[in-house]
Structure formats: C-alpha cells, structure tokens
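Have a look at the structure below, then the notes.
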Amino acid sequence: MRRIICDSRSRYSSCQRKGISKAAIVIVAVIVIIAIAGAAYFLTLPPTPTPTTTPTTPTPTPTITTPTPTPTTPTVVTTPTPSPTVVTTPTPTITPVKERLLRVSFANVPYMDPAVGSDEASSVYFINVYDTLVYPTKEGTVKPHVAERWEVSEDGLTWTFYLKKGVKFHSGRELTAEDVVFSLKRMIIIGEGYGYLFKPYVDLDNTKALDRYTVQIVLKTPFGPFLITLVRLYILDSELVKQHIAEGPYGDMGDYGKTWLMAGEMDAGSGPYKLHEYKRGESVTLIKFDDYWGETAPNAPTKVIMYGFTEPTTIRTMIEKRQLEVTDQWQPLENYEAMSRIPGVKIAQVPQAMIFYIMLHTKKPPTDDVHVRKAIALAFDYDTAIEDIIPYEKRPAGPVPSMLPGADPTLKPIERNVEAAIEELKKSKYWGELDKYPIEFWWIAEVPWEERVALLFKVNMEEIGLKVNVVKVPWLSVVEGMTKMETTPNAVSIFVVAHYAEAGSILSSRYHSHATGTWEQGEWLMDPEIDAMIEDALGTIDFNQRMEKYYQIQRKIIELYPSVYVYEHVVLRAYQADYVDYPAARGEVIPIAEYELDFRWFQVFPEKIPK
C-alpha cells in the first residue's frame, strides 16, 4: 500500500443607634478592624474588569465583600431601633453582543436534503450546515477537514480516512465513521443531487467503518478526481435521520428520512451554522453554531437569512434600505448599475467555472437533427448577447469553462454565419416543413434578463426559417419538467457550474447518460461513445493523461452541436461594502461553485452601518 498522509458575601449598611452597650461597641470595633484588614487585602489584588453596561445604567460603586465572622457563642443585641435598612447596589446590566446579520438573495430557497439538492441555493445551504471530509483550496486541490488525514492504495481503489475526534452534530452527538458511511450510502441510493458523482464508482458492499474514527471507502474502478469530489459528500447525523424514517422505497430505510429533512423542521448537520427557520418558498434562516469545531472569521455572521427571490425592484429597494447585505447573481445589468450608485454599495465580480448554455434536446423534433442544431449554433448572435445584454461576460470556446484543469486550450469560439446556417438547415430531414416543428424555448422566470437572451434567440432563428415559442417558466417547474424526456423542451437556457475543479465534473454532469433526467442535462444526449470516453478519462489516475482525454471528449461533443455556448460567467453581486467583508470580492476565490458563500468567512460590522 502506498501511503499518502495529509495532516492537519456580607454587605454592611450604617445606621444611627441609641443606647448601645459597651459589649456592642467592642463587637463593632472588631468588625471594623476585620473590614479594614479585608479591604487592605483586596486592594492588593489585580483589578477586576469593569462590566460593560448600557449607557442608561449608572456604573455601580464596587462593593467590597468581607466574610462574616462566626463567633463561638452568639451574642444577641437588643435595641429599640427598627431593623436596619439595607441599601441595594444596582446590578450591572451586561450589553449583549450585537447581532451580526447577513442577508443574501437567491433564485430560490434551498432543497433541505443533501441527497436531493444540487442547485446554487441548496449547495450554499449544505456548505454552511453540513461538514465534509475534505475542504477545497484556492489552488483547486483539497485540505483536511473532518478527515485529519487519509491513505490510498497503489491501485487507487481503497481510500482510508482518519476522522477528527470531538466533532459535534447540532444534536450534540459526536460525528463518527458510521455517519460518514451512512451519508455516502444514502446519497448514492437516493440517487438525486450529487449522488451521480459517487454512484458509478463506490463499492457500497465493501465501504465500511473500520472503527469509530476510521472510514474505508472502496471503489469499483479507479476514479482520478475522487478526492476532490468529496467536497460534495455532506455528512449527516445518522441516528437523528433514522429517528425520522417514514414509509418509502428504500427497503428497511423506508424513505431514508427524506420527507422529514425536506420539511425543514431541523437539520442533521455539524457545520458552522444550523437551521433556525424554514419558510417554504420564501426564506431559510440560519444561526451560528456555538459548538462548531472549526475556524470562523472573528466577526462572522451570527445569523444568516437566505431569501428565495430575485425581483429587481425588490432587491434594489432592500439594498438601498440596508435590508439586504449581498444580492443574488441574477440581476439585470441596469439594476447592478443602479445599486452601484448607492453610497456604501459595491459590485463584486467573481469569476466562476460556469457556462450559460442553451441546451438543445437531441431526441425531440426538430432539434433531434444534428444539422438543425448546427444551424442554430451558427445563427445565434453571440456578440449581441454579450454587448447588449451582459457586457462583462466572455465567450466560451466549448463546453468546459476555461479556468478548469482539462479545458481544451485549442478550441475557438464559433462565429455567427447566417448564410452557412441556412445551408446547414437545408441538409436536415425537416427542410421544407420546418413550420410544422416549432422550437419551444424555456427561460428561467427568476432570472429576468434571460428573457432578453430568449428573445434574441427567437429573432435569430426566425432569420433562418425556424419558428420559436418563448416560454417563461419558474425554476422549480423547470427542474420538474426536465426529469422526463417528453416534458423537456427543445431549448432551455441554464447556467451549469463545475461541482469539482476539473473538466471531468462538467463533462460528466452535462453529457454523460447518468445525468439525464436532471436539470443539468437538457440535451438527453445518451451517446454510448461519449459515455465510454468520459468513463475512461475519469478512471485514469495519471493527471496528464486524464487531461488529454478530456480534450478529446470536448472535440467529440462539439461535433454533435448539443448546446449553444453563450457565456463563460463572471458572477456579479451587489454588497454592502461599508459593513460587510466579502472575501470573494477581495479575490479570495475557490474554483468550486458556491464555496464563495461559505458564510463563516464573511465578517459583519453592525457599528459601521450607515445611518
């Protein structure tokens, strides 16, 4: 085995008395002497910090506490005077730590189950509420997280992870190897969300907990990028989930706790934040987990609200009134320009491994014809899409974002050529009766500027004789519609981002057959040759050889014209620069989607909020 290790009081009050006996005078004298001695002793001690008080509460005069002497024989002093009046010293009022509130908008509220969601909002939720074995770095590699270190066998099939002790779930339970195994099996068996990353490779029969803090994950075949994909394995409190199992399709595991988790009553994580409130279709509120084992920024948010709406006027108004700290990335350009003029607000530009695709259904007429698809690619006006709609974007050369290892550097962007598009269309089996096959184009309702792309597409296609019906569809309806071949439209515009820092991430989630039925692949490509090429590349352990195989896959995909590559995305977010430190705005960018919104690294300074 080749070993790869990665570490890591009594209070006295005075009153006037008459007829005091000599005995009483003696007692009083003794008490005074003791009090003076006690005071002298305490004055030699280091000063006690003065408690923080609210401005309206006077600072109390410190009261020196002296132990009451207990005489051997109690002396009773009888006086006609009423009981002495006790003067009460005001109790200091401690000023609570001011809430550090961070509010961020998204296109939708998250799916609450780590085995179900994979969209932006869901992924951000998982990153903040759940832990993973490893954590991504700015260089595109990983470092220890819940796993302190690991080993891998010479054949790349057996991975052994040694867990950090004392990691607590929000329930109070300690995270163990059994929780890791449970979470991995659950994700693969449910088969949604990020399950596709692991399902083809993990040997569930031989994956097990060797002891309380050691996990052995066995692969069926070598998987070159395996370690970096583990940034998507979110670890659940297995005992808590098992307590909420209902009837379902997963044998003894029923519904695997899916109904309970999706209801959003509580989470099952161990991350830096825990679920406080879930308002279906509206927002998710998180609060800082005080017992979190890992690091956080000194002034990390104590409370985070994730809003699920992007309506431009609402977003702009909330930013102006300081009711929103960071916006979603889906605002129209004119809204960013307007928000940039608000004092204290800046626009962050964050490069990401993300492409805006127009996915073309390769199994539905008329886009099932490669000549139609090529004509569409030739007819689309890419320059106008950038210059008039989103000028900060750049042209992608192919299906893989250029910042990812494995993107083919030899590819060039396709140029618009209407005449060539028409000639290509003439080669299709639908030539002469194209009016019988209108193209249905879906754009995402929560992303307003996408309508402009859809309308540009419609105009461009009508120039070459293709009829286009543009339809505005809510995101969740898009996700549902794309689960079946027959309900997926001819064309749908969607951003897809790399789930781990290699070309294999995009190639697998976008073009391998196992990704059909998800929102990440509207093409329904299902090409056995491409499937085999992707599998071969991912199974290659040697890095350089794997990169070369990625290049070949991209060239093959381009020949089939399954997609129109519109934008290589730069994320724009308006944020409150006066009182929020947003690491990604300073260039601290991890090349894996959503990790720029790991809230524990943000800092919020409420005292700096403009009045």
>> Checking side-chain contact (heavy atoms from CB on, under 4.5 Å) between Ile127 and each of Phe599, Tyr234, Tyr273, which is the one that passes?
In response: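 Only one option passes, and that is Tyr234.
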> In a check of side-chain contact (heavy atoms from CB on, under 4.5 Å) between Asn108 and each of Asp328, Val479, Asp119, which one passes?
Replying inline: Asp119
> Does atom CZ of Arg280 have more than 12 heavy-atom neighbours, drawn from other residues, nucleotides or ligands, at distances under 6.0 Å?
Replying inline: no
>> Please determine whether the number of non-hydrogen atoms from other residues, nucleotides or ligands lying under 6.0 Å from atom CD of Glu320 exceeds 12.
In response: no
> Does NZ or CZ of Arg510 come closer than 6.0 Å to the centre of the six-membered ring of Tyr357, within 45° of the ring's axis?
Replying inline: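 Here Arg510 passes the 6.0 Å and 45° test against Tyr357.
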Assess the pair [X] and [Y]: is the distance between their ring centroids shorter than 6.0 Å?
| X | Y | value |
| --- | --- | --- |
| Phe495 | Phe356 | yes |
| Trp475 | Trp519 | yes |
| Tyr194 | Phe126 | no |
| Phe106 | Tyr307 | no |

>> Between Glu502 and Tyr550, does the side-chain hydrogen bond (donor to acceptor under 3.5 Å, both in side chains) criterion hold? Intermediate values first, please.
In response: CA-CA 9 Å; Glu502 259 192 38; Tyr550 288 153; 2.7 Å; yes
Will you find, in the side chains of [X] and [Y], an N or O donor that is under 3.5 Å from an N or O acceptor?
| X | Y | value |
| --- | --- | --- |
| Tyr135 | Asp598 | yes |
| Glu440 | His361 | no |
| Ser563 | Glu523 | yes |
| Gln521 | Ser509 | no |
| His499 | Tyr196 | yes |
| Glu588 | Tyr582 | no |

> Looking at residues at least two apart in the chain, or sitting in another chain, which of them share a side-chain hydrogen bond (donor to acceptor under 3.5 Å, both in side chains) with Tyr111?
Replying inline: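 Expected list: none.
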>> Side chains of Arg100 and Pro606, heavy atoms from C-beta outward: is any pair under 4.5 Å?
In response: yes
